[in-house]
Amino acid sequence: MSGSGAPGPGAAPCRFAHYFVLCGIDAESGLEPDELAVLYKWLEADLHGKSSDTANKASGENFDQSPLRRTFKSKVLAHYPQNIEWNPFDQDAVNMLCMPKGLSFRTQADNRDPQLHSFIITREDGSRTYGFVLTFYEEVTSKQICTAMQTLYQMHNAEQYSSVCASSSCSMDSLASSIDEGDATSLAKLQRYNSYDISRDTLYVSKCICLITPLPFMQACKKFLVQLYKAVTSQQPPPLPLESYIHNILYEVPLPPPGRSLKFYGVYEPIICQRPGPNELPLSDYPLREVFELLGLENLVQVFTCVLLEMQILLYSQDYQRLMTVAEGITTLLFPFQWQHVYVPILPASLLHFLDAPVPYLMGLQSKEGTDRSKLELPQEANLCFVDIDNHFIELPEEFPQFPNKLEFIQEISEVLLQFGIPPEGNLHCSDSATKLKNLVLSDLVNDKKNGNIPGNALNMYELLKGNETIARLQALAKRTGVTMEKMTITAPLVEKEKDVKLQCEEVELRDYKLNVQLREVFANRFTQMFADYEAFVIQAAPDLESWLTNREQMQNFDKASFLSDQPEPYLPFLSHFIETQMFATFIDNKIISQWEEKDPFLRVFDSRIEKIRLYNVRAPALRTSNYQKCSTLKEAAQSIEQRLMKIDHTAIHPHLLDMKIGQGKYEQGFFPKLQSDVLATGPTNNNRWASRSATTQRRKDRLRQHSEHIGLDNDLREKYMQEARSLGKNLRQPKLSDLSPAVIAQTNSKFVEGLLKECRMKTKRMLVEKMGHEAVELGHGEANITGLEENTLIASLCDLLERIWSHGLQVKQGKSALWSHLLQYQEREEKQEHSAESPVAVGPERRKSDTGITLPTLRVSLIQDMRHVQNMSEIKTDVGRARAWIRLSLEKKLLSQHLKQLLSNQPLAKKLYKRYAFLRCEEEREQFLYHLLSLNAVDYFCFTSVFTTIVIPYRSVIIPIKKLSNAITTSNPWICVSGELGDTGVMQIPKNLLEMTFECQNLGKLTTVQIGHDNSGLLAKWLVDCVMVRNEITGHTYKFPCGRWLGKGVDDGSLERILIGELVSSTSDEELGKQCRTPPQQKSPTTARRLSITSLTGKNTKPNAGQIQEGIGEAVNNIVKHFHKPEKERGSLTILLCGENGLVAALEQVFHHGFKSARIFHKNVFIWDFIEKAVAYFETSDQIGDNEEALLLQRSSCKTFCHYVNAINTAPRNIGKDGKFQILVCLGTRDHLLPQWIPLLAECPPITRMYEENALLRDRMTVNSLIRVLQTLQDFNIVLEGSLIKGVDV
């Protein structure tokens, strides 16, 4: 924004103003109703279901409104110069923004104060032009227009008369809506308020003068226009013809160079403007004081956060200038980031369909007087931040993270505000009076030297603030939250000193400048602290610009995961969202491009600040702290501005007489003269020295630019790449303000549709790549999982995208969530059909049957059923929340694409709800969109289970026995206890003779273990269980818990209860997606073969050899080490790594089984636990003889703890078998880091010679030593065991 887009030849881009424009009524064409405004009113009437004939009474007239209140077409009457090549004049846009409501008429009885407002035009490439407008009223001299107005009044009154007579009780809605015509039902009143009598009244019409400039010098332009207006209205003609002043500002006043100030001359007095230096914050001339007064600090920070997270922001106010001030104020505070989406601070009435835009936007809408928020029909509100500026009120989206260190941040800003005498809670009265002042005739303003702002005696304000309630409130709040606050000192502003120095610009203005820069420094300092290390995470992958631009979409440009892992915990919710935004992506892109091109000015300033931080305090030790560091550069920033304004660097040429025709444009008080266009069409030929100097630098820049453009790439192609790369994921910056034919509206919408599809492709790809990426890194070890945080962010942004798609092109809006209201209407229709005839329901994939034929009944796949699950969740209170829950549930069930396809297959409903151009009615795009969503089925999400942790979920469990070898049922009383990551069910008795049961309990999360057992009563007490299946009836996730062991006394290892480890069973539908893209399964729990204890059932067919056993141990320990090296949120289940199929317990069992002597002694099975008990018996009876005292003591304590643990397991009130006891011993030994001490004891105790062959691994000293070394690698980890593994064992 430092220049003005692409500069052209000569000195032109250095000019202060590009155009001077005059808009108003065209006497030739007379009164033309403003068709756009009419169209809008007609649409509005149509929307609210009023009959369109009332709206259509006089086509082209604004219905029942009195003629003085109607809007008529304005025209650009003149603009100078005709055109500038680097900033072509867009007549329609300028006309629409100068007079957003068209022409308005007044009589001598109405208020005719002049009004100032500004606007902005954003070009396709994102560069901006600013307009500053002064609107005033001029007497209508054309007889023809006065008579037309009188005729309109006569028609209007006749019509009103007939309607009043027709219904005396008529409340006259339409009149009430017009500005000041309350409920004037009696005709007499009507005539009085609503009359225009050509003989009695003077008619005035609005006219505006406007400057269009490349940079937002608001204060200077305002002063220039005010002086120009004063010249028109004053008694005496101005010193020179107005052409001289306009010619001067257009052609003879340069832009001040960066870091300098400039003085030029208005009609009556000099005007000063200044521009920040290359290392200061970019120029911003809109007073932030007003923004804080209008919104209040707390509200402003919330809106600022919404803007950073790229939500849809709608500003709402009666005053155009307020809309502009708030929009520019907030976007200024974003530095070093820049808003990348639709930006229209003043949305003309004719562009209201733009609120339908399914993209992030920042728009300002002018409110009609007397209409309240509830009457405003907005197409989408799921992600909308609505800012009612006049009423000091904001409506925020439902869930969004708070800005980091919000309390301390607010505290710091309020200290700055208080120094300038501004109450942090905002000050409606203050700003209201400011607007009233502004609207007093401006000539007074110019004289009072204060520009109508706060009174100059700031000290009184300071006294006033000492007892301010906000300060007290803030201090109390800070105390409660434990934020330390230095004693707040409000220094009385130094009014005295300033009086000594003859200030070149007004005091109040200087204060505004200082306040602006100090507030901006505080905001910029936050980002400098938060992103001080961002460069370390930028991924520079491309060798040159060309290859980077061509592959931009495929490339990662920032290492998000590492960046987040480096941030303090409290920042994460905000940062994980923020680094997904377009403004952050563009910021990083600019950083990468700066290797090959000149640095973006914002980036240059930001990087130099980070350098400075590094110099002052080496930041390494304080890397991860969330300590709040205040801004330390406030004084210097304010001083540099003050110095510039004290000492003026440049003075422009004085306005002078031009070579004009005499006698034209004669001065007439109150009328803006007709300007002589020939003298204003071109600038002076003899370019003065600043022009020629800057022209040469400009030429040099042009040459450089062209040179860099020709390297490697054809110019047009390069531009196209640049545009595409920069607009990646962006849509239109600003609607076309000119041509509004249906074709253009359709084209705009097709752009939106294209943009939505692209965004969907990017988001689904990102969600897949994240998950798949983690898996690839893991090479199939452990579970694949994105950080909960990152997954949440991505899914939240998917929910937001779906809401935007569903609200694009809505006919009539119901409720805040467009998606949920569509679902509800679908549900209603389906349920009606269901009552009339049972509708077929899609049946889920068949579950694989086990060999017994007992299996879980199939779960119906039903869109309506999933809706009902969500409707039954009492925790969710809003439609937006329900829609989000439903999306999460469908995603977890891998049915999102299928459900949405089903929803959209009801074509009559889609046609009823959506306009023809809506995304959901574009067949091809819709199909692609569903296809992109289908790709998400390739990975497992737990985004519903992990978020709604407190809901009650129905589960169904089935116990599958092995019938060939045992009874299908047992006479004893079986029980089961299911555990998951979030808790367990407690012991539940299984009804006798039933193998299947359903139970409800609070969400258990991912299921991990099942404990199953019985009380051994009755004749058929022995029970061989193959596996247990448990299914979450809401999400459909099914877990299999393999067992393959007996439960019963005197059989197998005599166990009456077992702990089974679960695995997630994939549904067959996943397999269709192709094996290659599935998430690797979680490690299974031990298979039947391994669990049928090697010594009891299997014989000797598959004994692993010594090498394989040692490898198994290494692998198991390695997996546990890897588990702890992952970020906490990405770790899978430790239980599986300990007790699963290739877990540590299984590996150690293999070690202990190797060389175990023939299992059956007197036909009785011998288990490892028998060896352990023998060893304990030996330790308890004998006194060991050690070589030295120390070793002896160590050995004794190890023996003691070993015996203590084994006895605790044996005496535990649980009927666990021998293998189960060994598992508990290994788990406890791992947890308490005792295994490396126990193994040598066991390897050396005498029972080993009786129970193990000579060649057993445990009898080989080298093997034992290496085993100890491997196990010692687990010493550093804090291992927490799941409760179900060691329940009842008290050590």
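All of these numbers come straight from a predicted model, not from anything done at the bench.
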Could you walk me through whether Y826 and L863 pass the side chain to side chain contact (heavy atoms under 4.5 Å, CB included) test, one step at a time? CA-CA 10 Å; Y826 176 81; L863 165 61; 3.2 Å; yes
Any sub-3.5 Å donor-acceptor pair from [X]'s side-chain atoms to [Y]'s backbone N or O?
{"X": "S817", "Y": "V880", "result": "no"}
{"X": "K893", "Y": "I1034", "result": "yes"}
{"X": "T1211", "Y": "A1208", "result": "yes"}
{"X": "Q1002", "Y": "I951", "result": "no"}
{"X": "R888", "Y": "I795", "result": "no"}
{"X": "T985", "Y": "V978", "result": "yes"}
{"X": "D1026", "Y": "I962", "result": "no"}
{"X": "K894", "Y": "N937", "result": "yes"}

With rounding to the nearest 0.5 angstrom, report the [atom1] to [atom2] distance, [X] to [Y].
{"X": "L936", "Y": "S897", "atom1": "CG", "atom2": "OG", "result": "8.5 Å"}
{"X": "N1003", "Y": "Y955", "atom1": "CG", "atom2": "OH", "result": "4.5 Å"}
{"X": "I976", "Y": "S957", "atom1": "CD1", "atom2": "OG", "result": "4.5 Å"}
{"X": "T1035", "Y": "L859", "atom1": "OG1", "atom2": "CG", "result": "8.5 Å"}
{"X": "E875", "Y": "T950", "atom1": "CD", "atom2": "OG1", "result": "4.0 Å"}
{"X": "T1009", "Y": "K1287", "atom1": "OG1", "atom2": "NZ", "result": "8.5 Å"}

Identify the two heavy atoms, one from [X] and one from [Y], that lie closest to each other, and give their separation to 0.1 Å.
{"X": "K877", "Y": "S874", "value": "NZ-O, 2.8 Å"}
{"X": "S979", "Y": "Q1011", "value": "OG-OE1, 4.0 Å"}
{"X": "W1238", "Y": "G1229", "value": "CZ3-CA, 3.8 Å"}
{"X": "P961", "Y": "W1023", "value": "CB-NE1, 4.1 Å"}
{"X": "G1013", "Y": "L1047", "value": "CA-CD2, 4.5 Å"}
{"X": "L1148", "Y": "L1235", "value": "CD1-CD1, 4.1 Å"}

Kindly indicate whether the side chain of [X], heavy atoms from C-beta on, has any atom under 4.5 Å from the side chain of [Y].
{"X": "P1104", "Y": "Q1150", "value": "yes"}
{"X": "I959", "Y": "V1025", "value": "yes"}
{"X": "L1285", "Y": "T1135", "value": "yes"}
{"X": "L819", "Y": "I887", "value": "yes"}
{"X": "L934", "Y": "L896", "value": "no"}
{"X": "L933", "Y": "L798", "value": "yes"}
{"X": "V1030", "Y": "F1041", "value": "yes"}
{"X": "F1202", "Y": "V1176", "value": "yes"}

Among L889, L900, D866, find the residue that satisfies the side chain to side chain contact (heavy atoms under 4.5 Å, CB included) test when tested with L895. D866
Between [X] and [Y], do the side chains contain an N or O donor and an N or O acceptor separated by less than 3.5 Å?
{"X": "T1008", "Y": "E1282", "result": "yes"}
{"X": "S1133", "Y": "E981", "result": "no"}
{"X": "Y1205", "Y": "D1232", "result": "yes"}
{"X": "E892", "Y": "T945", "result": "yes"}

[X]/[Y] aromatic ring centres below 6.0 Å:
{"X": "H1037", "Y": "F942", "answer": "yes"}
{"X": "H899", "Y": "W886", "answer": "yes"}
{"X": "F1152", "Y": "F1222", "answer": "yes"}

Salt bridge or not for R1058 and D1219, using N-O below 4.0 Å? no
Ion pair check, E1033 and R956, cut-off under 4.0 Å: yes
Apply side-chain contact (heavy atoms from CB on, under 4.5 Å) to [X] and list each qualifying residue two or more places apart in sequence or on a separate chain.
{"X": "E1173", "value": "W1169, D1170, N1210"}
{"X": "K901", "value": "L930"}
{"X": "Q871", "value": "W820, L824, Q827, M867, R868"}

Could you please spell out the steps behind the side chain to side chain contact (heavy atoms under 4.5 Å, CB included) verdict for Y1039 and M1029? CA-CA 6 Å; Y1039 294 84; M1029 308 283 284; over 6 Å; no
Please lay out, stage by stage, how C1001 and M988 fare under the test side chain to side chain contact (heavy atoms under 4.5 Å, CB included). CA-CA 11 Å; C1001 69; M988 300 179 292; over 6 Å; no
With side chain to side chain contact (heavy atoms under 4.5 Å, CB included) as the criterion, how do M873 and F948 come out once you've worked through the C-alpha distance, each side chain's angles and the decisive distance to 0.1 Å? CA-CA 9 Å; M873 290 164 61; F948 301 104; 3.6 Å; yes
